[in-house]
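Counting starts at 1 for both ligands and their atoms, in listed order. Counting from 1, the numbers follow the sequence of the chain as shown.
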Amino acid sequence: MADTAEMAETAELRVGDQTVQLPVITGSEGERAIDISRLRAETGCITLDPGYANTGSCQSAITFIDGEKGILRYRGIPIEELAEKSNFLEVSYLLMYGNLPNADQLDYFTNSINHHTMLHEDFRKFYASLPKDAHPMAACSAAVGALATFYPDSLDPRDEHEVEVSVHRLIAKFPTLASYAYKHSVGQPFMYPNNGFDYVGNFMWMMFGNPCEEYEVDEVVRKALDLLFILHADHEQNCSTSTTRLVGSSMVNLFGAISAGINSLWGPLHGGANQQVIDMLAAIRDEGMTGRQFVERAKSNDDTSRLMGFGHRVYKNFDPRARIIKKACFDVLNQLGVHSPLLEIAVELEEIALKDDYFVERKLYPNVDFYSGVIYNAIGTPSNMFTALFALGRLPGWIAQWIELHSDPDFRIGRPRQIYTGPTQNAWIPVEER
Ligand code: ACO
């Protein structure tokens, strides 16, 4: 449940000749919000905030971001520390249950996840019915929605046991679902999970293994993926998380809410940017463009291309995840002995943009997606799978936020209002008179 913020002062708002006092609440890190929940009842007015840049949709005790200082913490623990010392399943537990697990809790959780990795055999037919070139994000969203049809026994969002079962199923089965989407697209056999591997190793086996050959999990790659999943695991009320909460607020089951979140993540302005970044770097290489020429294009009003992987609604300073990923990118490529011209182009673009007045004035820095694709690319992941890997990492965050939503004392269906600007009352005209 969200810890409740403190209320110590009020704000005064004058609308026409009416003055109302609005409570100001303060979060545990000192951020302040004017509580307008009584505004319409008292004044008849609503607030208008396109893109919700000034709107807090909930109180949450999961993730803290200070975008000005470049701080990110899960349940109070700095991302840098988790990246260095933890692993993805432990971080998943931390986000969803609110605390780091002790040894027994971690053991139980890991075992439970391990024992739910298999999919119903009919999922083979499900994937077989999709076109070969189906985008993995469309396939993953559909497959997660379809889990509700296979497990109608655990769909009640307010039944503690059913929630626990469906949460474990979803975390366990998503790597299998995502790897099936990939295997289907390349026409290779679906790989059954092998629970002898750990969570990330199992995903690698299902993605990159095949039934004809022995498969050895490369430790450098496993660690790199584990790190990337930790860094993607939650990011408070971003577009896909807000989608998951909004859809979840209709009391739909977990699978329905997360399926919607996956679609939201797919967009190029959100998680889909990781695929766009690698496509952008490859286009610069293939067209023989210089970094400077591309940056000029991204700044131009006459061109719709943006410098993908740059800019963020909240970070107006370095995205701390991007710092960690950039370093990991050099380390991993070095350890794998991979020379990547795409990495060289990315470094050149970053150097140019960080010194360019356009990006400096707008406080546009590399975000989480700028270097992650270079790592995925170097370990042999096709670019259309990048966003599915992001979804795999974000899963515990979406789930934690969905669970928190359902225990919020202020729970209500999400239902924003609007200011209507269409025609005023109009009469219907018979077709022959139009
Ligand atoms: N390249 C060029 N210009 C940019 C970029 C960019 N990547 N990002 C923002 N700008 C410019 C805008 O054109 C705008 O300029 P203006 O004031 O002259 O009109 C200004 O910076 C502010 O941009 P907005 O789009 O208003 O900022 P917003 O907070 O709404 O959008 C977003 C943030 C969507 C991330 C944006 O920076 C963007 O499109 N970046 C590229 C896509 C991307 O990398 N997305 C991933 C984000 S991280 C994530 O979701 C996981």
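- Open room surrounds OH on Tyr108; 12 or fewer heavy atoms of other groups in view lie less than 6.0 Å from it.
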Under 3.5 Å, sequence neighbours excluded: what are the donor-acceptor pairs made by side chains of residues 349-357?
residue	atom	partner	partner atom	Å
Glu350	OE1	Lys326	NZ	3.1
Glu350	OE1	Tyr371	OH	2.4
Asp356	OD1	Lys299	NZ	3.2
Asp356	OD1	Tyr358	N	2.9
Asp356	OD2	Arg292	NH1	3.0
Asp356	OD2	Lys299	NZ	2.9

Which pairs of nitrogen or oxygen atoms, taken one from ligand 1 and one from the protein, are under 3.5 angstrom apart?
residue	atom	partner	partner atom	Å
ligand 1	1 (N)	Leu307	N	3.1
ligand 1	3 (N)	Tyr358	OH	2.9
ligand 1	7 (N)	Leu307	O	2.7
ligand 1	7 (N)	Phe310	O	3.0
ligand 1	13 (O)	Arg306	NH2	3.2
ligand 1	13 (O)	Tyr358	OH	3.4
ligand 1	15 (O)	Arg362	NE	3.2
ligand 1	18 (O)	Arg362	NE	3.2
ligand 1	18 (O)	Arg362	NH2	2.9
ligand 1	25 (O)	Arg306	NH1	3.1
ligand 1	25 (O)	Arg306	NH2	3.2
ligand 1	29 (O)	Arg313	NE	2.8
ligand 1	30 (O)	Arg313	NH2	2.9
ligand 1	39 (O)	Arg306	NH1	2.6
ligand 1	40 (N)	Phe310	O	2.9
ligand 1	44 (O)	Gly309	N	2.8
ligand 1	44 (O)	Asn367	ND2	2.9
ligand 1	45 (N)	Leu269	O	2.9
ligand 1	50 (O)	His270	ND1	2.7

Using distance only, find each side-chain donor-acceptor pair of residues 270-279 under 3.5 Å and give its atom names and separation, not counting sequence neighbours.
residue	atom	partner	partner atom	Å
His270	NE2	Asn238	OD1	3.4
His270	NE2	Ser240	N	3.1
His270	NE2	Ser240	OG	2.9
Asn274	OD1	Thr387	OG1	2.9
Asn274	ND2	Phe386	O	3.2
Gln275	OE1	His135	NE2	3.1

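- Taking the six-membered ring where tryptophan is involved, the planes of Tyr180 and Tyr127 are perpendicular, since the angle between them exceeds 60° and thus also 30°.
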When the side chains of residues 230-237 are checked against the rest of the protein, which donor-acceptor pairs come out under 3.5 Å, sequence neighbours left out?
residue	atom	partner	partner atom	Å
His232	ND1	Leu228	O	2.6
Asp234	OD2	Thr63	OG1	2.6
Asp234	OD2	Gln401	NE2	3.0
His235	NE2	Tyr315	OH	2.7
Gln237	OE1	Arg245	NE	3.2
Gln237	NE2	Gln401	OE1	2.9

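- A distance below 6.0 Å separates the ring centres of His168 and Phe109.
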